[in-house]
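Notes follow the structure.
We count ligands from 1, going down the list as the structure has it; atoms in each ligand are counted the same way.
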Amino acid sequence: MREDELTIGAFARACRLSPKALRLYDELRLLRPRRVDPDTGYRYYAVDQLEQARLVAWLRRLGMPLARIREVCALPPAGAAREIRAYWAGVEADTAARRDLAGFLVGHLLTGPRKDHTMLELRYSARSDRGLVRPANQDTAYAGGRLLAVADGFGPAGARASASAVEALRFLDTDELPAGNVLNVLEDAVRGATEAVRDAADGGEEAGTTLTALLWTGSRLALVHIGDSRAYVLRDGALFRITEDHTMVQSLIDEGRLTPEEAVTHPQRSLLVKALSPGTPPDLRLQDAQPGDRYLVCSDGLTTAVPDARVRDLLASAGGPDDAVRALIEAANGAGGPDNVSCVVADVIDRAA
Ligand code: MN
């Protein structure tokens, strides 16, 4: 044996992988021994392979599939770091979706059909305003007993794009929702909306839209979201944002390359990385509702002009949803009205109370 070589046993101890795992990784071409003795079949590893073996062991502990580990190991450190970050973001998104499902199942098993919440309903209001600078309003806002939606169109046919996206969801605003899991129903509807937007932009005109919508099931809200419009809930006096912006600056924040404070004034803060289009899946999830919740869906014309703390105060002090949307739009225009502004506000009311 050469002096910079280790037997499989010694190598296994040094990198905390079992000899059995090392043999598997050899077969999968994930980590090949430097040399296999042609007579005995013994595997020998080079000392300088330890670093890679430890990386493999760590990635296994993260739960990364072997095929993906092979890709990561082939990359230079910066690329590998990016891949690991992307993998972990996927794990967290998946876990969040499964947590929602688990919560739903627990509630379902403990309470059966949620009789306790059948008395909940929405009081709502929607309003859209051109603002003070833009020549036209390309936003669309909609509120009904089941559906709350805001779309912010862009491009020459932007107004048509946002209107047709919302129009394509309106069949959901009914007490007779199509059968099936509500998220699947919503996902299908969004596919329809995506096609409607494409049709609205036919003739080669560039157009697209964001879409943030909440579908009321009677006890919870199914959320669909793509772009930089937002949804919030005011609960017990505190404002929580329940959507993530699909913008360039949000990506930079997630990567730690920009602080949220810097993002507020970033020149490209409204540059979208995702909008409603074929092959770009929107965020979909369920949100549990409580009596007393006040939901806000709004376009970026509100959130770029009015800080969250002021949005909270206005939502908390407004009487009903109608007062709230008026006050919010007034605040955006009071701050210069730099963009079209749309607000939908809905209160979860206990009819029995
Ligand atoms: Mn906008």
Exercise. Under the side-chain contact (heavy atoms from CB on, under 4.5 Å) criterion, do Arg230 and Asp245 qualify, and how do the steps go?
Worked result: CA-CA 7 Å; Arg230 291 181 178 179; Asp245 293 348; 2.6 Å; yes

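- Within the protein, the number of N/O/S atoms found under 2.8 Å from the Mn ion (ligand 1) is 3.
- At least one donor-acceptor pair under 3.5 Å links the side chain of Asn340 to the backbone N or O of Ala136.
- One finds a salt bridge joining Arg220 and Asp288 here, because a Lys/Arg side-chain nitrogen approaches an Asp/Glu carboxylate oxygen to under 4.0 Å.
- Ser128 and Asp139 form no side-chain donor-acceptor contact under 3.5 Å, judged by distance and modelled atom types alone.
- With hydrogens and angles disregarded, a donor-acceptor distance shorter than 3.5 Å links the side chain of Glu262 to the backbone of Thr259.
- A salt bridge links Arg191 with Asp188: at least one charged nitrogen is closer than 4.0 Å to a carboxylate oxygen.
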